[in-house]
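Here is the structure we will look at, set down as structure tokens.
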Amino acid sequence: MGKDSIKLIANNKKAYHDYFIEDTYEAGISLAGTEVKSLRMGKCSVKESFIKIEKGEMLVYGMHISPYEKGNIFNKDPLRPRKLLLHKYEINKMAGKMAEKGYTIVPLKVYFKGSLVKVEVGLAKGKKLYDKRQDMAKKDAKREMEREFKSRNQE
């Protein structure tokens, strides 16, 4: 496995459905040893997670990392808040955007970059119901066009 090889652990598809992602950042994450072993086995979920900025630090809440089976007393709480590792200016930039109405920060992906665990963080703006409907209509239309194209080419 190379230094820049990326292995996806968890993906947050719901975030793309519920938000317009305007900017993305790559953040490290502070983990315990047994949590890393559990991530290597792909046991992670970011569906219901969210990010808060407290005292100049960025913390991810609700990210579920299943306890490692062989790690008895060293296992940590699967839903504990975890610190994200970003530069101070990146945190300040996102905090400024969050002060604007409608902005939030959501985790998009969790992956291994080489041997390090990284979290892709997105600066997002909430979608309204009609935006979601519009996106679904576009997706359906695209799927229908691909189906038509496929059936024409097979004849």
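All values derive from a computational prediction rather than experimental measurement.
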If I take atom [atom1] from residue [X] and atom [atom2] from residue [Y], how far apart are they, to the nearest 0.5 angstrom?
X	Y	atom1	atom2	answer
Glu90	Asp23	CD	CG	9.5 Å
Tyr111	Glu120	OH	CD	5.5 Å
Leu123	Leu108	CG	CG	10.0 Å
Leu59	Leu84	CG	CG	7.5 Å
Lys118	Glu26	NZ	CD	5.0 Å
Ile105	Thr24	CD1	OG1	12.5 Å

Exercise. Give a yes/no verdict on a cation-pi contact between Lys52 and Tyr61, requiring under 6.0 Å between NZ or CZ and the six-membered ring centre and an angle within 45° of the axis.
Key: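 Positive - Lys52 is close enough to the ring of Tyr61 and near enough to its axis.
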
Determine whether [X] and [Y] make a side-chain contact, defined as any pair of heavy atoms from C-beta on separated by less than 4.5 Å.
X	Y	result
Ile21	Tyr19	yes
Val60	Ile29	yes
Met58	Met94	yes

Quiz item: Counting distance only, does the side-chain N/O of Glu57 pair as donor-acceptor with the main-chain N or O of Glu54 below 3.5 Å?
Solution: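 Such a contact is absent between Glu57 side chain and Glu54 backbone.
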
Exercise. Evaluate side-chain contact (heavy atoms from CB on, under 4.5 Å) for Ile91 paired with Lys93, printing each intermediate quantity in order.
Key: CA-CA 5 Å; Ile91 294 173; Lys93 186 177 174 184; over 6 Å; no

Exercise. State whether the number of non-hydrogen atoms from other residues, nucleotides or ligands found under 6.0 Å of Glu48 atom CD is greater than 12.
Key: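 Incorrect, the count does not exceed 12.
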
Quiz item: Would Val121 and Val106 satisfy side-chain contact (heavy atoms from CB on, under 4.5 Å), going step by step from the backbone distance to the final call?
Solution: CA-CA 6 Å; Val121 173; Val106 290; over 6 Å; no

Quiz prompt | Closest non-hydrogen atom pair, Val119 against Pro107 | solution =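 Answer, listing the atom of Val119 first, then Pro107: CG1-CB, 4.1 Å.
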
